Amino acid sequence: MNRKIHRWAAIATALPVLVVVLSGGVLLMKKKLEWIQPATQKGVGHELILSFDEILAIAVSVGHVGIQGWEDIDRLDVRPGKGLVKVQAKNHWEIQVDTKTGEVLQVAVRRSDLIESIHDGSFFHEHVKLWVLLPTAVLLAGVWATGVYLFFFPYVKKRG
């Protein structure tokens with residue numbers, strides 16, 4: 001019975017585990033590969049002198065990114081210690097702006113957020129987290145437990 005549970009639980013978890021493992025492996029490299037996440041540049045100051053309206057105007061001025069207003073921006077990542085703000089657009093573009101001079105330091109596609117959404121299941125549907133990945137985690141714990149049992153059972157049986 002344990003072998004059957006072990007086998008079927010392993011089969012049921014194979015695809016979700018593969019997606020989580022592969023996307024997690026890619027995410028481990030996000031600070032090493034600029035294709036995944038643009039490297040953080042360094043500005044000249046260490047405080048936010050620009051207003052949010054000025055940051056928006058700078059982001060809009062980078063035409064090929066497609067930002068036309070606040071509704072196109074996912075978030076601002078302010079890094080005072082590095083003297084920059086990362087303007088992250090909903091279309092996965094990132095603009096890094098010097099917080100003192102307003103100079104655009106870098107414009108690049110940020111793929112890490114997309115890969116993270118694949119990793120946590122929200123890319124497929126918001127309910128995938130709760131209804132696919134959580135049961136996968138429970139089943140995977142069962143696969144581990146039955147695997148340990150199946151491995152040690154012959155040794156315990158031999159001794160007893």
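Keep in mind it's a predicted model, so treat the numbers as computed, not measured. Just so it is clear, the values below take in all heavy atoms, side chains as well, and ignore hydrogens, waters and symmetry mates. Residue numbers count from 1 along this sequence.
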Are side-chain N/O atoms of Lys82 and Thr99 paired as donor and acceptor at under 3.5 Å? no

Could you walk me through whether Lys31 and Gln37 pass side chain to side chain contact (heavy atoms under 4.5 Å, CB included), step by step? CA-CA 7 Å; Lys31 299 287 186 182; Gln37 180 172 303; 3.3 Å; yes

Which pair of non-hydrogen atoms, one from Gly81 and one from Lys42, has the smallest distance, and what is that distance? O-NZ, 3.5 Å

All heavy atoms of Asp113 vs all of His92, minimum pair found to be CB-ND1, 4.5 Å

More than 12 heavy atoms of other residues, nucleotides or ligands under 6.0 Å from CZ of Phe124: is that the case? yes

Would you indicate whether Gln68, at its atom CD, is surrounded by more than 12 heavy atoms from other residues, nucleotides or ligands within a distance under 6.0 Å? no

Using side chain to side chain donor-acceptor pair (under 3.5 Å) as the criterion, list what pairs up with Gln106, not counting sequence neighbours. Gln41

Does the side chain of Leu76 reach to within under 4.5 Å of the side chain of Gln88, using non-hydrogen atoms? no

Residue that, paired with Ile67, satisfies side chain to side chain contact (heavy atoms under 4.5 Å, CB included) out of Val87, Val62, Asn91, Ile58: Val87

Any residue meeting salt bridge (Lys or Arg N to Asp or Glu O under 4.0 Å) with Lys129, in chain and number order, not counting sequence neighbours: Asp120, Glu126

With sequence neighbours left out, the residues meeting ring pair (Phe, Tyr, Trp, His ring centres under 6.0 Å) with Phe153 are Tyr149

Distance-minimising heavy-atom pair for Val107 and His64: CG1-NE2, 3.7 Å

Of all pairs that satisfy ring-ring contact (aromatic ring centres under 6.0 Å, His included), the ones with a partner from residues 3-47, not counting sequence neighbours: none

Under 3.5 Å donor-acceptor pairs involving side-chain atoms of residues 10-17, not counting sequence neighbours:
| residue | atom | partner | partner atom | Å |
| --- | --- | --- | --- | --- |
| Thr13 | OG1 | Ala9 | O | 3.0 |
| Thr13 | OG1 | Ala10 | O | 3.2 |

Do the two ring centres, one from Trp131 and one from His125, sit under 6.0 Å apart? no

Do Leu22 and Ile118 share a hydrophobic cluster, counting only Ile, Leu, Val, Met, Phe, Trp and Tyr and linking them when any side-chain heavy atoms are less than 4.5 Å apart? no

Answer with yes or no whether the hydrophobic clustering places Leu134 together with Val19; edges join I, L, V, M, F, W, Y residues whose side-chain heavy atoms lie under 4.5 Å apart. no

Residues two or more places apart in sequence or in another chain: which of them pass salt bridge (Lys or Arg N to Asp or Glu O under 4.0 Å) with Glu116? Lys30

Quick check on the hydrophobic clustering: are Phe52 and Ile73 connected, directly or via other members, by side-chain heavy-atom contacts under 4.5 Å? yes

Can a salt bridge be assigned to the pair Arg79 and Asp77 using a cut-off of 4.0 Å between side-chain N and carboxylate O? yes

For the backbone of Val44 and the side chain of Asp98, can you confirm whether one donor and one acceptor N or O come within less than 3.5 Å of each other? yes

Are Val97 and Leu84 grouped together when hydrophobic residues (ILVMFWY) are joined by side-chain heavy atoms under 4.5 angstrom apart? no

In the structure I gave you, are the side-chain heavy atoms of Lys86 and Thr40 within less than 4.5 Å of one another anywhere? yes

